[in-house]
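The next block holds one structure in the form of structure tokens; read it before the comments.
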Amino acid sequence: MKPRSLARNRLRRLGWLRFAVQLGSVALAYFLASIPPILIFGETNVGVLGSVVASMVAALLVARLWLASDNCLAHAWKIRPPTNMQRTLGLAALGTGAIIALFAIGGIVIDALGLPPIDVSLVMDYVTQSPTSFALWIVLVAWFAAGFGEELLYRGFLMDRLMRLRGMRGRKWPAAIIQAALFGLPHLYQGWGGVLVTASIGLFLAWLRFANRGNLWACILAHAAVDTIMLSLAYSQSLGWLA
């Protein structure tokens, strides 16, 4: 039997209804957990940070329950220390540079299409309030919610679920494209340009996972590094260190 056939046979089938229930429950947990911090603290820095962290924790817990119930946790969330650390760090560095390049190219494409530029002022206003705020956004958002959480949810849970669906089992790139689209849509608050650029980054991160043989650490490190760089640049600009 060919290696590709063996790989497909290792992927247990997942029905569309069960997939819809799983995806819907994760999305619902994310949404519901985001509300209490805002109700308690309002749309303040504490409220927004609490909302981001609480929603990610809730979504990850529900996703983990589904993966464990299907006996797919280890396959979907490959976060054990990689056997080849040098390769993983190299891919993470490559990924960081490539994502920054995608942002730059995306800005040119958005301008050529006549779309409004990506608007991240809603986030940056909170990030740049104080040194403490900046540090909290780096740790809780750039590294936990975005770098770690979004990679487990999108390149981990969602891609694993998609590649087990009837009619899609073992088909990597259709799954990668769908998860990239779903990754881009929540960034609609940045405008359609933000959705398009984020979706392209989601597709690249899917390739990065494939390139690292399913291990998520290259994706996590690259994602967190890019967000750290972007937030740091915004904070430096707010202090007048950058033009």
Side-chain angles (χ1 to χ4, degrees), residues 3-34 52-80 82 88 91 95 99 144-188 195-196 198-224:
R4 188 175 180 182
S5 300
L6 285 169
R8 286 187 175 182
N9 287 341
R10 284 198 295 270
L11 292 174
R12 295 175 57 188
R13 288 184 181 179
L14 179 68
W16 282 89
L17 178 59
R18 187 172 175 84
F19 168 73
V21 170
Q22 291 187 7
L23 186 60
S25 64
V26 170
L28 183 62
Y30 186 95
F31 172 72
L32 292 178
S34 70
V52 171
V53 172
S55 57
M56 183 55 70
V57 169
L60 289 175
L61 286 174
V62 175
R64 189 187 188 285
L65 287 173
W66 283 121
L67 292 173
S69 70
D70 288 347
N71 198 28
C72 302
L73 186 61
H75 186 274
W77 285 1
K78 290 187 177 180
I79 52 174
R80 290 184 177 181
T88 298
L91 284 171
I99 293 171
F144 172 69
F148 190 71
E150 288 185 350
E151 292 312 309
L152 289 185
L153 279 185
Y154 288 95
R155 264 59 69 183
F157 170 79
L158 183 55
M159 281 189 60
D160 178 84
R161 304 291 81 190
L162 287 167
M163 286 194 290
R164 295 177 188 276
L165 279 173
R166 297 179 188 278
M168 284 185 57
R169 193 160 55 120
R171 299 175 64 188
K172 296 192 299 185
W173 285 108
I177 292 169
I178 293 170
Q179 69 80 29
L182 293 175
F183 180 57
L185 283 174
H187 295 79
L188 188 56
V195 172
L196 292 173
T198 305
S200 67
I201 290 169
L203 189 60
F204 171 78
L205 285 167
W207 172 84
L208 196 61
R209 177 174 185 175
F210 298 149
N212 205 32
R213 298 164 186 161
N215 191 287
L216 286 167
W217 276 112
C219 299
I220 292 169
L221 293 172
H223 193 155

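Fair warning: this is a prediction, and the values are worked out from it, not measured in the lab. FYI, side chains are in, hydrogens and waters are out, and symmetry mates aren't considered; it's all heavy atoms of this structure.
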Handout entry: Heavy-atom check, side chain of Leu158 versus side chain of Phe19, under 4.5 Å
Key = yes
Fill in the blank from the handout: Closest non-hydrogen contact found for Ile201 with Ile99 is CD1-CG2, 3.8 Å
Exercise for the section: Nearest 0.5 Å please: distance from the CZ atom of Arg166 over to the CZ atom of Arg169. Expected result: 9.0 Å
Exercise for the section: Indicate yes or no: at least one non-hydrogen side-chain atom of Leu203 is less than 4.5 angstrom from one of Trp173. Expected result: yes
Handout entry: Nearest atoms (heavy-atom pairs only) where Ala63 meets Leu153
Key = CB-CD2, 4.0 Å
Exercise for the section: Might you work through the side chain to side chain contact (heavy atoms under 4.5 Å, CB included) test for Phe210 and Leu205, ending with a clear yes or no? Expected result: CA-CA 9 Å; Phe210 298 149; Leu205 285 167; over 6 Å; no
Problem - Side-chain touch Met159/Tyr154, heavy atoms, less than 4.5 angstrom - result: no
Practice task
Please answer whether the main-chain N or O of Thr88 pairs with a side-chain N or O of Asn215 as donor and acceptor at a distance below 3.5 Å.
Solution key: no
Problem - Leu162 versus Ala175, closest heavy-atom pair with distance - result: CD1-O, 3.4 Å
Problem - Backbone of Ala206 reached by a side-chain donor or acceptor of Arg155 within 3.5 Å - result: no
Problem - Phe157 vs Leu152 side-chain heavy atoms within contact, under 4.5 Å - result: no
Exercise for the section: Answer yes or no: is there a side-chain heavy-atom contact under 4.5 Å between Met163 and Met168? Expected result: no
Problem - Validation row: Ile79, Ile220 side chains within 4.5 angstrom (heavy atoms) - result: yes
Fill in the blank from the handout: dist Lys78:NZ -> Asp160:CG (nearest 0.5 Å) comes out at 9.5 Å
Problem - Asn212 side chain to Gly214 backbone, donor-acceptor under 3.5 Å - result: no
Handout entry: Shortest non-hydrogen contact between Val52 and Ala145, atoms and distance
Key = CG1-CB, 3.7 Å
Practice task
Using a 4.5 Å cut-off on heavy atoms from C-beta on, say whether the side chain of Val62 contacts that of Tyr30.
Solution key: no
Exercise for the section: Please work out which of the three classes, parallel, tilted or perpendicular, describes the rings of Phe148 and Trp217, given edges at 30° and 60°. Expected result: tilted
Practice task
Step through it carefully: locate the ring centre of Phe204, locate the ring centre of Trp207, and say whether they are under 6.0 Å apart.
Solution key: yes
Exercise for the section: Specify the closest pair of heavy atoms between Ser55 and Ser34, including all atoms of both residues, with the distance to one decimal. Expected result: CB-CB, 3.9 Å
Practice task
Answer yes or no: is there a donor N or O on one side and an acceptor on the other, between the side chain of Trp16 and the main chain of Leu165, under 3.5 Å?
Solution key: no
Handout entry: Shortest non-hydrogen separation from Ala33 to Ala58 and the atoms involved
Key = CB-CB, 3.5 Å
Problem - Phe31 atom CZ, neighbour heavy-atom count above 12 within 6.0 Å - result: no
Exercise for the section: Check whether any side-chain heavy atom of Arg213 sits under 4.5 Å from a side-chain heavy atom of Pro82, and report yes or no. Expected result: no
Practice task
Taking Gln22 for its side chain and Trp66 for its backbone only, find out whether a donor-acceptor pair lies under 3.5 Å.
Solution key: no
Exercise for the section: Could you tell me whether Arg64 atom CZ has more than 12 heavy atoms of other residues or ligands within 6.0 Å of it? Expected result: no
Handout entry: Arg161/Asp70 ion pair, N-O < 4.0 Å
Key = yes
Exercise for the section: Mark yes or no for whether Glu150, through its side chain, and Gly147, through its backbone, hold a donor-acceptor pair below 3.5 Å. Expected result: no
Handout entry: Point-to-point distance, once rounded to the nearest 0.5 Å, from CD1 of Ile178 to CZ of Arg171
Key = 9.0 Å
